[in-house]
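Written out below as structure tokens is the structure these notes cover.
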Amino acid sequence: MKTYALTGGASGIGAAIKQQLLNEGHKVISVDIKDADIEADLSSSEGRSAAIAAIVTAANDGLDGFVACAGVGSHIENLGLIPRVNFFGAVELVEGLRELLSASKGAVVLISSNSAPMETDADYVDSLLAGDEDKAVERTAAMAGQAAYSGSKQALTRWMRRNNAGYAAQGVRLNAIGPGYTRTAMSAAVEQDPVYGPAIKEFVATIPLQRPGQPEDMAQAVSFLLGDAASFISGSMLFVDGGHDALFRP
Ligand code: NAD
């Protein structure tokens, strides 16, 4: 039995990851803004610090892995929440848990997106990678929701790749998955959006494997990357998207 911490476990992909790890007999410490072992708002630095402290306390026998899954979609009104939750709500927790993970030679899986390679705002991505939260949030005022979202995932993935060697030297494997369109509350909300809804339906129709992803598809991939079968995989982004990224970037 291993001990894993997970953000975003109350819903969608995170809930499926939590269930998968529980089914495998592991202990799961769930962090979310609601319905979790540790309730914390990852959009603020206070919430992130409180979450880190509570995970450290709950994982008193050591932490074998961490999954950063909490996120908000492109449809939300307050676009500033996208960099706050999707980027800083993930990387600050990874950094805060670094020593604990190193002690157990643990693994981290970030839930990125297959939108990460898509076109976005380079200054926004640079601000995120520079750790300038105020600037990144400010930048979203001039951006479309989709660019703010894909940029947050691009920065998250690049952060993972840039920091991989340092973590690997401490015995911690960093990897990410890039889910494609997956049926969850988030994607249902985007489908209802008057701006993005029609485009999303066309987008889903072009998935090469001809079906949307299910949260369980993502959970299987995360379980693999966390586990010993992936012990030589580090710094990778695994697209779990029915072939969509390969279609976009042949
Ligand atoms: P979801 O809305 O079902 O789940 C998101 C979870 O994050 C919820 O439990 C929510 O409470 C939590 N959360 C949101 N804001 C938070 C905050 N401030 N503090 C703490 N927790 C917070 O969405 P989902 O589709 O399951 O998305 C999970 C992850 O997968 C996200 O990072 C998302 O960007 C990514 N993703 C989803 C899709 C998709 O098509 N659904 C595709 C690519 C990537």
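Reckoned from all heavy atoms, side chains included, excluding hydrogens, waters and symmetry mates. In this text the structure is predicted, and so the values were computed from the model without any measurement. For ligands, and for the atoms within them, numbers begin at 1 and follow the listed sequence.
With atom 38 (C) of ligand 1 as the reference point, the heavy atom nearest to it among G9, G180, S152 is part of G180. If you check each of L156, D32, V204, I13 against atom 8 (C) of ligand 1, the one with the closest non-hydrogen atom is D32. Among G12, A185, G71, S113, the residue whose heavy atom lies closest to atom 5 (C) of ligand 1 is G71. Compare V190, I76, L42, I111 by their heavy atoms: the one nearest to atom 19 (N) of ligand 1 is in L42.
When the salt bridge (charged side-chain N to carboxylate O under 4.0 Å, His left out) test is applied to E99, no partner is found at least two apart in sequence or on another chain.
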Inset, instruction - Kindly determine whether Y4 and V67 satisfy side chain to side chain contact (heavy atoms under 4.5 Å, CB included), including the steps that lead there. - result: CA-CA 8 Å; Y4 295 116; V67 182; 5.7 Å; no
Inset, instruction - With salt bridge (charged side-chain N to carboxylate O under 4.0 Å, His left out) as the test, would you mind laying out the steps for D217 and R211 before giving the verdict? - result: CA-CA 12 Å; D217 294 314; R211 69 167 175 89; 2.9 Å; yes
Inset, instruction - For the pair Y124 and F87, evaluate ring pair (Phe, Tyr, Trp, His ring centres under 6.0 Å) and give the outcome as yes or no after the intermediate values. - result: CA-CA 12 Å; Y124 169 64; F87 183 81; 9.0 Å; no
Inset, instruction - Under the side chain to side chain contact (heavy atoms under 4.5 Å, CB included) rule, what do V222 and L6 come out as? Steps first, then yes or no, please. - result: CA-CA 11 Å; V222 170; L6 159 77; over 6 Å; no
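Under a 4.0 angstrom heavy-atom cut-off, S115 registers as lying outside contact with ligand 1. Residue contact check for ligand 1: M218 places no non-hydrogen atom closer than 4.0 Å to it. Heavy-atom distances between A40 and ligand 1 reach below 4.0 Å in at least one pair.
By the criterion of a heavy-atom distance under 4.0 Å, neither the backbone nor the side chain of P215 is placed next to ligand 1. Counting heavy atoms under 4.0 Å from ligand 1, residue R84 does not touch it at all. Contacts of V72 with ligand 1, taken as heavy-atom pairs under 4.0 Å, involve the side chain alone. Proximity of K34 to ligand 1, defined as any heavy-atom pair under 4.0 Å, is confined to the side chain (atoms from C-beta onward).
Of the charged side-chain nitrogens involved, none lies within less than 4.0 Å of a carboxylate oxygen, so that E95 and R48 do not count as a salt-bridged pair. We find that E138 and K135 are not joined by a salt bridge, their nearest charged nitrogen and carboxylate oxygen being 4.0 Å or further apart. Between K2 and D228 a salt bridge is recorded (basic side-chain N to carboxylate O distance below 4.0 Å).
For atom 24 (P) of ligand 1, the nearest protein heavy atom (residue, atom name, distance) is T184 OG1, 3.6 Å. For atom 27 (O) of ligand 1, the closest non-hydrogen atom of the protein is M186 CE, 3.6 Å. With respect to atom 21 (N) of ligand 1, the closest heavy atom belonging to the protein is I33 N, 3.4 Å. At the shortest separation from atom 36 (N) of ligand 1 among protein heavy atoms lies Y149 OH, 3.4 Å. In terms of protein heavy-atom proximity, atom 43 (C) of ligand 1 is nearest to P179 O, 3.4 Å. If you check which protein heavy atom lies closest to atom 28 (C) of ligand 1, you get C69 O, 3.4 Å. Considering only non-hydrogen protein atoms, atom 16 (C) of ligand 1 sits nearest to V85 CG1, 4.0 Å. For atom 18 (N) of ligand 1, the closest non-hydrogen atom of the protein is D41 OD1, 2.9 Å.
In terms of polar-atom proximity, defined here as any N/O pair under 3.5 Å, Y181 makes no such contact with ligand 1. Of the N or O atoms in S11, one or more lie within a sub-3.5 Å distance of an N or O in ligand 1.
With 3.5 Å as the limit, one finds a donor-acceptor pair spanning the side chains of S234 and N164. Using a 3.5 Å distance cut-off with no hydrogens or angles, the side chains of Q20 and E24 do pair a donor with an acceptor.
Within the model, atoms CE of M237 and CG of L174 stand 13.5 Å from one another, a figure rounded to the nearest 0.5 Å. A distance of 8.5 Å separates OG of S44 from CD of E133, quoted to the nearest 0.5 Å.
Proximity of a side-chain donor or acceptor of T182 to a complementary backbone N or O of G180 within less than 3.5 Å is detected.
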